[in-house]
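First comes the structure, then the notes that go with it.
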Amino acid sequence: MLHWIAKLYLKSKIGRENSGRKKQFLPWEKVEKIALILNEQDKINKSEMDKFLESTKKFIDVFYIELKSKNASYADWQCFSKKDTSLLNLPKNSILAELKRKKFDLVINTSSESELFATAVAGGLSAPFKCGAASMLNAADLIVNKNGTVGIMTYLNHVFTYLKMIKA
C-alpha cells in the first residue's frame, strides 16, 4: 500500500514541477552538464563505466541508487543508500532540496518505472531536457526503452546515439 501512496504522491509532485519547467532540447554539441542516474540492479562495472563517461567529453555527475546498502559504494559518485529514504521509500526532503539546487543541461535516468526513488531523483533535478528508460510518471521528455537483456553499457550507447542524432 505504501508503494501505491508513494507513486500517487510522486506523480502529483512531478506534474507540478513539469508545469513550471521550460522543456527544451539542446543539440549534443551544446550539452555541457549531464546527470546520470544509475541503480544497483544494473550490475555496473565501475572502471568500464568511468572510461565510457570520460569518452563522452562531457561533465557527467553520476547519481547511484543502492537502497539495500547501508553505506555508499563509490566515493566519486553521489550514492543514495537506505539512510537517504523516507517512510514512503522516496528521497528525504533534505536530499530533494539539495538536488533542486543542482543545474544540468540533461538528465538521463536508466532505471525502470518501478524504481520510484530514481524517478524522484530525476524529477528533482533541474534540467530543460530529461531522458528515461520508461514513461516514469511523465518525468521524461525522451523515452529510450530498455530491453531487459541488454547491459547498461549497451543501453547507454543507444541513448547517447539517439541524443547525438536529434537536432534542435
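Each residue takes its place number in the sequence, starting with 1.
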Pairwise side-chain contact, [X] with [Y], heavy-atom cut-off 4.5 Å (strictly under):
| X | Y | answer |
| --- | --- | --- |
| Met49 | Ile152 | yes |
| Phe25 | Asp141 | no |
| Asn157 | Thr154 | no |
| Tyr64 | Glu40 | yes |
| Glu115 | Ile65 | no |
| Ile108 | Ile34 | yes |
| Trp77 | Asp50 | yes |

Answer yes or no: is there a donor N or O on one side and an acceptor on the other, between the side chain of [X] and the main chain of [Y], under 3.5 Å?
| X | Y | answer |
| --- | --- | --- |
| Asn109 | Ser111 | yes |
| Lys130 | Ala122 | yes |
| Lys30 | Asp105 | no |
| Tyr155 | Val144 | yes |
| Lys58 | Val31 | yes |

(request) Provide the full list of salt bridge (charged side-chain N to carboxylate O under 4.0 Å, His left out) pairs with a residue in residues 67-91, sequence neighbours left out, each pair given once. (result) Lys46-Asp76
So, for [X] and [Y], which heavy atoms are closest and what is the spacing to 0.1 Å?
| X | Y | result |
| --- | --- | --- |
| Gly132 | Ala140 | N-CB, 3.6 Å |
| Val159 | Cys131 | CG1-SG, 3.9 Å |
| Lys92 | Ser86 | CG-N, 4.1 Å |
| Ala133 | Thr110 | CB-O, 3.9 Å |

(message) Distance alone, cut at 3.5 Å: any donor-acceptor contact between the side chains of Asn45 and Ser47?
(response) yes
(message) Less than 3.5 Å apart, any donor N or O on the side chain of Glu66 or Ser73 sitting next to an acceptor on the other?
(response) yes
Separation between [atom1] of [X] and [atom2] of [Y], rounded to the nearest 0.5 Å:
| X | Y | atom1 | atom2 | answer |
| --- | --- | --- | --- | --- |
| Leu88 | Leu116 | CG | CG | 9.5 Å |
| Ser126 | Lys102 | OG | NZ | 11.5 Å |
| Lys103 | Leu125 | NZ | CG | 10.0 Å |
| Leu38 | Ile44 | CG | CD1 | 4.0 Å |
| Asn145 | Ser112 | CG | OG | 12.0 Å |

(request) Start with the C-alpha distance between Val121 and Val107, add both sets of side-chain angles, then the distance that settles side chain to side chain contact (heavy atoms under 4.5 Å, CB included), and finish with yes or no. (result) CA-CA 10 Å; Val121 170; Val107 173; over 6 Å; no
(request) Indicate, with yes or no, if Phe117 and Leu87 share a hydrophobic cluster defined by side-chain heavy-atom contacts under 4.5 Å among Ile, Leu, Val, Met, Phe, Trp and Tyr. (result) no
(message) If hydrophobic clusters are built by linking Ile, Leu, Val, Met, Phe, Trp and Tyr wherever their side-chain heavy atoms come under 4.5 Å apart, do Phe59 and Phe160 end up in the same one?
(response) no
(message) Can you classify the ring geometry of Phe80 versus Phe63 as parallel (below 30°), tilted (30 to 60°) or perpendicular (above 60°)?
(response) parallel
(request) Please lay out, stage by stage, how Leu26 and Leu106 fare under the test side chain to side chain contact (heavy atoms under 4.5 Å, CB included). (result) CA-CA 8 Å; Leu26 293 174; Leu106 172 66; over 6 Å; no
